[in-house]
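Protein chains get the first letters and strands the later ones, always in sequence-line order, with residue 1 at the start of each. These figures come from a predicted structure and were not determined experimentally.
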Amino acid sequence: MHKKPKRYSIFSLIRNALSYHENWQPAWRSPEPKKEYDAIIIGGGGHGLTTAYYLAKNYGLTNIAVLEKGWIGGGNTGRNTTIIRSNYLWDQSAGLYEHALKLWEGMSQELNYNVMFSQRGVMNVAHTLHDVRELKRRWHANRLNDIDCEWLDTNKVKEFCPIINTSQNIRYPVLGATLQRRAGTARHDAVAWGYARGADAMGVDIIQNCEVTSINVKNGQVSGVETTKGQINSKKIGVVTAGHSSVIADMVGIRLPLESRPLQALVSEPVKPIINTVVMSNTIHAYVSQSDKGELVIGAGTDGYISYSQRGGFNIVEDTIAAVVELFPLFSRMKMLRHWGGIVDICPDASPIVSKTHIKGLYFNCGWGTGGFKATPGSGWVFAHTIANDEPHKLNAPFTLNRFSSGELVDEHGAAAVAH
Amino acid sequence: MILNRENAVIELKDQTIKEYGGIEFQEIAFAQKINLRGNSNNKSFMTLQGKLLDAVLPTKSNTYTNNGKIKILWLGPNEWLIVDEDKKNNELFLKLEKSDSHEESAITDVSENRTIIRIRGKKIFNLLAKFLVIDLDKNLSNDSSVVQTLFVKVPIILVRNNSNVVEIDLYVNRSHANYVYNLLVDGTKNLDF
Amino acid sequence: MFLINCPYCGEREQSEFSCGGEAHISRPKNPPDTSDDQWADYLFMRKNIKGVQFERWNHSSGCRQWFNVVRNTSTDEILGIYNMGEAIPEIDGENPKTPSGEPEIGSGNISTSFKKK
Amino acid sequence: MSTKISFTFDKKKYFGIKGETLASALLRNGIFLVGRSFKYHRPRGIISAGSEEPNAIVQLESGNITEPNVRATEIEIYDGLSATSQNNWPSLNFDLGSINDLFSRFIPAGFYYKTFIWPPKFWEFYEYFIRRAAGLGKSPTTDDPDKYEHLHYHCDILIIGGGISGMYAAKLAAKSNLKTLLLEQNSELGGYDLSNTDSVRTRKLSEELEESNKFKNLKIVKNTSVFAYFHANYLLASQKINKKNLRQVIWKIRAKKVVLATGSIERFLTFHNNDKPGIMLANSARKYLNKYSNKISKEIVIFTNNDSAYKSAIDFHKKGVDVKCIIDLRKQSNGDLVKEAKDLGLKIFFGHVIINTEGKKRINKVIVSEVDEKIENLLGNPKKISCDLLCVSGGWTPTVHLFSQSRGKLIYRESDATFIPDKSFQKEVSIGACNGTFLLKEIFEETFNKMNKIFNEFGIKIEEKFEEITKITFQDKMQHAWIIPSNKNFKKTKMFIDFQNDVTAKDIKLALKEGYRSIEHIKRYTTTGMATDQGKISNVNALGIISNLSNTPIHELGTTTFRLPYTPVTFGAIAGRHIKEFFDVERTTPMHQWHIKNQAKFEDVGQWKRAWYYPKEGENMHQAVNREVKATRDGIGILDASTLGKIDIKGRDSSEFLNRVYTNAWSKLQIGKCRYGLMLGDDGMVIDDGVTSRIRENHYIMTTTTGGAASVMSKLEDWLQTEWPELKVRLTSVTEQFATISLNGPYAINLMKKLCPDQNFSRENFPHMSFKIIKISGIICRVMRISFTGEKCYEINIPSSYAQALWEKCFELGKEFNITPYGTEAMHVLRAEKGFIIVGQETDGSVTPIDLDMSWIVSKKKYDFIGKRALYRSDTIKKDRKQLVGLLTNNPKEILEEGSQIVENISNLPMEMVGHVTSSYYSPNLDRSIALALIKEGIEKKGKKIYIPMPNKTIEATISDPVFVDPLNERLNT
């Protein structure tokens, strides 16, 4: 066992400042892999790290390793538009995402790492009668599920977000919106780093630049993995590799109901605060918020084909920017500073898979598509439970692979073409 | 009781020709258009149709044939569009349809599915380049060129006519006609780059 | 952004096409005799390959014909095109070295060269 | 003679010279302090003369044409230009924020991750201030008056960069007759050479190229910056036009071959207090001197690790500026420039470095010390040298952004510490400085050879002799030192790497110490290279310092991803013309003008504009809809149903085809009859519905929903082409061939008789669910007797161009029957009264025909049809699925909200929901509210009471049959 890390606080900051920051200790160690672990998590993104964290914290499983092929948080965790909300339609989803949202609310304190969770509210805007019907359906479902959600008519929308264009003479006028006040954004990197630090403190080995090249299975039971850092044994393996889930699954001949598609996002140059909430419009594909640094953070849509190239068509970006300028004409003279692409693993019903497989000791957590970031803590929480007990948690029981055979899909397409 | 016909583009009522930025706009509203589906490998089908139309069905992609009266546009390996600008004549369709076996070929009157917006002028390629991703020089190189593509997001067929000034026919769905026309007119503002 | 060489219309912008997903998944001929799992397999389960993938494309904004495309999904290079009903062509060349195939340095993926036999 | 131009900076008026940049003009006016840094609000001055500038960014203009974060080094001054400095308060000169600088020790990289944690509720409060402190310029607050364009361009060769190599490449290409495009980001060709005094060759080249229409095949566009490089040589460039009705143009270029001639950017050196105003890149200073004849300073010191900076020393000296000395950290150099400097008697300190600088808002002294060969330890005593300008050169960084975006691989060159192009991924070549080729002679050779190779690929030979360059300026090799030692302890130094984001060398040390080892982690933790300049001058230095502090060779660190855009791009330009009236395609029916003339309100259905309702003078929506509904049941209601999809199905196997794609059987449908069909996905869920009629043996006409028209057509084509090629069926969309006029109501038949007197509309001859081809005033129409309202209904499909005339004729002849146009809202009410579903409203992709209580339409006999198998999965056969039922509120005046949720028992939250309201209206015919709903096991629960809990009240309702009006369909036949 290694010594507990010093806590972060304004005092530790001052103390270290006085010693010119020479005495900070690493947020997490960089150990070499052991021969064997009680559990291995493949994938050092947000979901993988939270899984490790809760395995250690909730189930005392500390002899575990997180294997990351590159650098932790380098996948969709570090590439998303950081929107966090729980206003989902179906009870199953609402349960899972609301659990996650509750964890977000205490995260900075729990981790003693400021993830800058900013509950500035998320507005889902309606532009057609169909949108209104769908969004109200969600609003009422949220209300009865005890998830905070309000309906705003056009004037209220204008009040809450004065810079939005509510003229009724535009192509798709704003007809109203749902608002979840507890929803918001967070600092994506900090989530990965905070959980890494927390997991590491409990003894979890976080091993970067360690790519899994094959999975060893002995008569229907996993025995370990081959990696670029040699063989590592374990009887429990949790796969949390998002866009690359099918690649890992292929190592053991499993096919998943996933398509890995490009998803693009971008930020503007930083400006002083101009928009103080998150605005999402599924109909015209505009997703905007402003980071604490001042950049407008904008999410685009997915391309209609499988690609791991981390690059999509610019026509998708054009549509999104046009939508943003349509909704916020004052942003027309702002400038795109940085653009990037990610690989999202999309399920037929736009809901995740957190499930056992027919191979004993092999578990998959994937299919979060375009909306995984918000679920990060909840996803790890229920996946840790699934791995520790070899049984799904009641919150992810509806999200096993069986649903694709039974037909019991949790179709969240409804009002969420791209559910950032 | 008489029913008058209405063209699609509001600003181009009654065959008026409008001019913007040196480009002429005209709607060829009521041309006969017949969609022909059939097996291009079926000799008898090809010759029969050819005889009836007294023209050749083009088998070369992205081309059309023109017998001076009618044009036959290649739309796909087994699909053609027969265009006759003489609006009165519709026995052509009836004649073809009568002859059809209805077994594996299909002849359908689609005269009103699309209207034709005709644009003429030196700079029309500069104009079209604002809306079309395709390489115009390559795809509309000569007067037998046909290309099916996207006009921004609207499906469209472009036909290069045989004329001294560059002239292009844009076949657009009736419901899209005004949107496309207004875009084109808006695009005539800056034609020099 | 990449180009697809439509076997009927020639090379066109990808935005003119729509992708029909993994190719060579044919609908079971005897649905009543299939199990729920087999049906799910046909309906939902996909290889979702990283590397050389065989997939269906439709020139939806052109000649509306369907055809098959061989594409390296890790670089979006198109390696071959063949008609519906044709057998899977043999593809010669290396897949991305490791499962992920990202380069050790520089941005983007390593270029891999293929030739269709 | 140079013309004077007036402009204002921070409200104060100044004069500059036409053709110079704002930065140059500011320097000319002796303004060195132009901005405050992001975090510490340190005074900052102009560092560079191009797009790499991190400090001199200003708010340009004000009001609706204001633009934040504009680089003063890029914008050419014009009369009346007004710029404002950013990120300071109350003023640039006295900025309270600079207090942060005193506390900088307490706010190192990532400090915000470690604090502001407690108390939890306070984060909002902390964040408020953090957000206000952050950000640079201000967003405009009003609509943008300017216009933007997009332009597609295809060429054989695209040359990026109009510097010496790009121009030479263009000249060669011009001779080849290949369609060539040369793009230059600045307002004139010349590139680096423009800062030379002896750039004769460049002048000659550019004049030759620019001779109008000399080369038909060569197009030169300036003020155009290529910002993205995609697949298959697809590149995007943004052109600054700044005309009244056109501000910028986005060029979308597809090139067969791309020639990258993007040059290189001078690198800075990392020493203590290296960020004072008056410290500048050596060659940038030279550019101001030579290009804008702008001396900038009186006393200048040069600090370099390579020969190129000697050019600056020499030029300044020749222009009569006092060059105090050249500090060269190398032990010596035998480069020609160094010799020349010596001959001019310039003072050179080899083996020396600058360890500190002095001066508040402008540098006034440098502290110089001797240093050992490894540039690690200082020797001897430091000496102070006064100066008002310090020119720094840390070598040159090839601009490989676009090459890298193209997916090419880089390789690290130790000798001058540069990443240069290695393995190409696309059809492109790099020439000149961006390829690490700096010597003029080599640039010409490289360009000539690579261009000829390209010509060969095109199968072309050009008659162009290679012009040998004889004059070679030998440059001795540079020596890179990533961190310049200081007499201060490193941990107390302020050595800036990323100027705008205030990232220092010790921030990077901290990141490493805290375990952020990956280059991407360090970038994100310290934010180095993430400012608006994207680290153009700092990235390589950051890498060097990381490598130095972690003793890892640079090539093992790799680089961070080079992301698009190369330089920031205006949103409005990216959106182009596709906003406002052109934001999305708008589809209208042939009767659209009539609807407008008759005050119709419109509803967006997909891209269609559909008449929603037609309010009369003083009517509100409720009243209008009620009137329309009643008129339809009592007289004639007329609906524009043209948006419905229509597909002609022809060929031998048409019946079999329908058997496969619909749930019911079709073979036995008589010619001239219609039948309703439900279409499923293979997952068993309803995706579309509509009526299909049999015109002749092998000819059907299918109607689809408005929303489904396109997707159904392509899905059907898909089945035919890929699954069932053996079926002989041809599909042709005739959606727009016919407009659809739907006449509904007891008197519809009377109107039909008037429209076509010679037709027999008797029940026997033209019963419900039958089809006829009828000539109306000579026009061949397809008439269906079907009904979506429960009334006698004739759907006339007439060739579109005649539709409006017929539509108007209907009103003329239908007057006596009180013919009334009704919109989609009334249509919804009418169909809901009959319990007819709308796909997409009663269904949401999770609903089967059984759920809709429509098992009557699902064939048991057929061995297979699309969706059949899925109907027998364990979940789809479950008893307790949600099923379609009617709802009657106990209070008939109470109209439920569509989308509201239904419970069986009121409890504390969360409440168990059993379903939701899919449709809800006031029914004027029943004078009460009606609703349709999907409810768990609803069909068995008819008559049972349920609750709809609303925010302010709970509504009671009773589950009923979904058919509210005329359950026996008597109105259809009487």
* Asked: Between D875(D) and S406(A), do the side chains contain an N or O donor and an N or O acceptor separated by less than 3.5 Å?
  -> no

* How about T532(D) and E269(A): does a side-chain donor come under 3.5 Å of a side-chain acceptor? -> no

* Run the numbers on W28(A) and Y516(D) for ring pair (Phe, Tyr, Trp, His ring centres under 6.0 Å), then give the verdict. => CA-CA 9 Å; W28(A) 61 84; Y516(D) 302 90; 5.2 Å; yes

[X] versus chain A, the contacting section by heavy-atom distance below 4.5 Å:
X: D533(D); result: neither
X: S874(D); result: both
X: I250(D); result: neither
X: F38(D); result: side chain
X: V917(D); result: neither
X: A228(D); result: neither

* Would F230(D) and F314(A) count as a close aromatic pair, with their ring centres under 6.0 Å? -> yes

* Can you check whether Y113(D) and W193(A) have ring centres sitting under 6.0 Å from each other? -> yes

* Structure fact -> In short, R137(A) meets Q901(D) closest at the heavy-atom pair O-NE2, 3.2 Å

* Quick one: salt bridge (charged side-chain N to carboxylate O under 4.0 Å, His left out) partners of R105(D), sequence neighbours excluded? -> none

* Quick one: salt bridge (charged side-chain N to carboxylate O under 4.0 Å, His left out) partners of K136(A), sequence neighbours excluded? -> E897(D)

* Asked: Only one of K506(D), K509(D), K492(D) forms a salt bridge (charged side-chain N to carboxylate O under 4.0 Å, His left out) with E22(A), so which one is it?
  -> K509(D)

* To do: Look only at the side chain of K335(A) and the backbone of N69(D), and say whether a donor-acceptor pair between them is shorter than 3.5 Å.
  => yes

